[in-house]
Amino acid sequence: MSKITVTLPDNSQRKVEIGTTPGDIALSIGEGLFRNSIAAKINGNIVDLKKSITEDSIVQILTTRDPESHEILLHSTAHLLAMAVKELYPEAKIAIGPALSDRFYYDIDFPKFLSEEDLPEIEAKMKELAKSNFNVERQELTQKEALDKFSELDESYKMEIISELSSDEIITAYSQGEFIDLCRGPHIPSTGKLKYFKLLSTAGAYWRGDESNKMLQRIYGTAWFDKKDLKNFLFQIEEAKKRDHRKLGKQLKLFHFDEEVGPGLPLWLPNGTIIVDELEELAKKTEHKAGYKRVRTPHLTKGELYERSGHLSHYKDSMYPAMEMDGFDYYVKPMNCPHHHKIYAAEPRSYRDLPLRLAEYGTCYRYEKSGQLFGLMRVRSMQMNDAHIYCTEEQFKDEFIAVCNMYMYYFEIFGIEKYQMRLSLHNKEGLGKKYVNEPELWLKTESAVREALIQGKFNFVEVPGEAAFYGPKIDVQVWSAIGREFTLATNQVDFAVPGKFDLTFTNSKGEDEIPLCIHRAPLSTHERFVGFLIEHFGGDFPLWLAPVQVIIIPISEKYFEYAQRVYNSLYDNEIRVDFDRRAEKVGAKIRDAELMKIPVMLIVGEKEQNSDTVSVRRKHQGDLGAISLEQLTIELSEEISNKDKGKRYDQSER
RNA sequence: GCCAUUGUAGCUCAGUUGGCCAGAGCGGCUGAUUUGUAAUCAGCGGGUCGGGGGUUCGAAUCCCUCCAAUGGCUCCA
């Protein structure tokens, strides 16, 4: 009998029979290890525990502790879901069911429409099937065999997938009990390992993500090895709900949607407006230091301008329809760039004028499809932190890096610790359709952007086929304090539209050249950025952003006069201060101030009046004792001007 | 736009095998209380039950339709 050598992660070696499986090895090391084994890595490839080892190999057993195992668990739970569904609804046809980062889903073509109420029944069936502890078996099939098999089962979606694979490829399927699914694997060895899972929601999803295909029904779920992990995951979902910007926006009176105004058209309330104004102030100062010039442009514009820019042909469906006046079509502007191009063109430019950086907080209107609207995150009227930088090819890289560094500056201020840039590139198929037909310019610009990102040492990934029609772009994803991902800033390079607008500058040799244009919006739109900040801070804004920074709480009416003096003094020092004059007890006033997440409460009574002090109570810190008004003003003003982030708290308040 | 769910007072929510004038808490207003670190007491207002249409002796409740919001899909200059 021939033997092979397997090398384990601790570099120990074992002689084993040919055909031994990682499962056998795990068992030989120890029963405990075997029980926790999920899959294995043979020479770096993830495989089933039951895979035969046929040559000398490096073998690593993956247990419930290895991150790779979680994906396998999720994927196997998706199979269990499909199996349960087939048992309950034999006519259902299954499509695809992959793992996400901590969830999974399965797309299924159902004979009836599913609602959330159907989930408990399916989940119960899953539990029952898991307990039966079916062995999960891998099968290798030729394309013909696979087609026969799934045609017998009438699984048309699976057949569609199989027929698109190459005919000489070995196709694998996994079975558990009566159920079989086309799948690359690997999988957990038996369904008994699936214990802690929960179905979360239902949704519609197009087959293959294509709008023109049939809509299938998607079921989302999650699965974990440990009961605690499952509980924790569900707890985090609850926590995220508490920080939902729509909920907090209402509670803290930041913004309001009114049906009579229209969907996706937010009204900024006074409290929310303060936050927006602070952001705008920050941007103006930052851009001023970076050499930007501010401009203002109208909301209405003739259609000609958008025909020339190409926006009308690319985005007509998501623009508000034209208003006809004096024989011309007028549109409300969906973006600011054409106007800025016109400002560039308003006077002759020399290379000495470049880079020219034009900035505007312009309000734009886009007809987002009704189903896309989502609180402040996706709206139809939006104010953008917009600017366009016109520069020469030589200046491009420095300008681009400077823009990205501005992102970093903002991230620091807002305490954003994790980000990733997505370099969105064109693809060949889209040339002349989705993208302007300039294959060489595309490649040249893309590599310039890539070099800039590398030189600036920014964290980025590349995604083909997601560029803007006029050039490559960077989308910046950031993660909020509770780890949810948002796409905020965007930064696009435009090598096409300046030419269409005949934008030129005179170079040092006296010749005309077309400038490059960088579109950039580091703070995204006001709406989206504030929405993000609400979740990020859980409504507990740092002092400089807090709509009400200080509230004065007199012990009783007797001290109103002194309280008013304190109020006036803070007000005169440009601190946003309120005065609670209600005939309530102190406890009630404090409670209401806490619920409104006001960072600083000043309690004034007899003691304070007699000593010209105020008693400070800060949110999350409680009673901090008495301090002179003068000293307090200095400290608060300093904290505000430094834009201190304040403490961030993982747990939201009651 | 597509699939599903939801829509009752300013807010959070009860009320559905169809049946007296549609309820609560908070908020609001009025009055009393003059209070020391997360809810003082009492009284009074407040609702086209998302809009429209239908079934019925009778509709918040059943049906149709439109609108809006929510979970996703698709899209995002």
Show each protein N/O and nucleotides 2-11 of chain B N/O combination with a separation under 3.5 Å, one pair to a line.
| from | atom 1 | to | atom 2 | distance (Å) |
| --- | --- | --- | --- | --- |
| B:C2 | O4' | A:Tyr206 | OH | 3.4 |
| B:C3 | O2 | A:Gly204 | N | 3.2 |

Report each atom pair, protein N/O against N/O of nucleotides 24-33 of chain B, whose distance is under 3.5 angstrom.
none

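For A:Thr490 and B:A77, a side-chain-to-base donor-acceptor distance below 3.5 Å is absent, hydrogens and geometry of angles not being considered.
No more than 12 heavy atoms of other residues, nucleotides or ligands sit less than 6.0 Å from atom CZ of A:Arg296.
Straight-line distance between the C1' atoms of B:G27 and B:C13: roughly 14 Å, to the nearest whole Å. For B:A9 and B:A14, the P atoms lie 12 Å apart once the distance is rounded to whole Å. With C1' as the reference atom, B:G7 and B:G15 are 15 Å apart, rounded to whole Å. Nucleotides B:U37 and B:G43 have their C1' atoms positioned 30 Å apart, rounded to a whole Å. Separating the C1' atom of B:C2 from that of B:C75 is a span of 12 Å, rounded to the nearest Å. Nucleotides B:C49 and B:U16, compared at atom C1', are 13 Å apart to the nearest Å. To the nearest whole angstrom, the two C1' atoms, one in B:C29 and one in B:C62, are 40 Å apart.
Stem analysis of RNA chain B (Watson-Crick or G-U pairs, both distances under 3.5 Å, runs of at least three) returns B:1-7 with B:67-73, B:10-13 with B:23-26, B:28-32 with B:40-44, B:50-54 with B:62-66.
Ranking B:U40, B:U37, B:A77 by closeness to the A:Ala468 side chain, first place goes to B:A77. Side-chain proximity of A:Ser201 to the nucleotides B:A77, B:G71, B:G36 is greatest for B:G71.
Relative ring orientation between A:Phe469 and A:Tyr315 is described as tilted, the plane-to-plane angle lying within the 30° to 60° band. In this structure, A:Phe257 and A:Phe255 have perpendicular ring planes: the angle between them is above 60°, well past the 30° mark. Under the 30°/60° scheme for interplanar angles, the aromatic rings of A:Tyr365 and A:His299 are found to be tilted. Ring planes of A:His519 and A:Tyr470: parallel class, angle under 30° (limits at 30 and 60°). Taking the six-membered ring for Trp and thresholds of 30 and 60 degrees, A:Tyr306 and A:His339 have ring planes more than 60 degrees apart, a perpendicular arrangement.
A donor-acceptor pair is defined here as one N or O able to donate and one able to accept, closer than 3.5 Å; such a pair exists between the side chain of A:Arg380 and the backbone of A:Glu368.
Checking A:Ser381 against A:Gln383 by side-chain atom types alone, no donor-acceptor pair falls below 3.5 Å.
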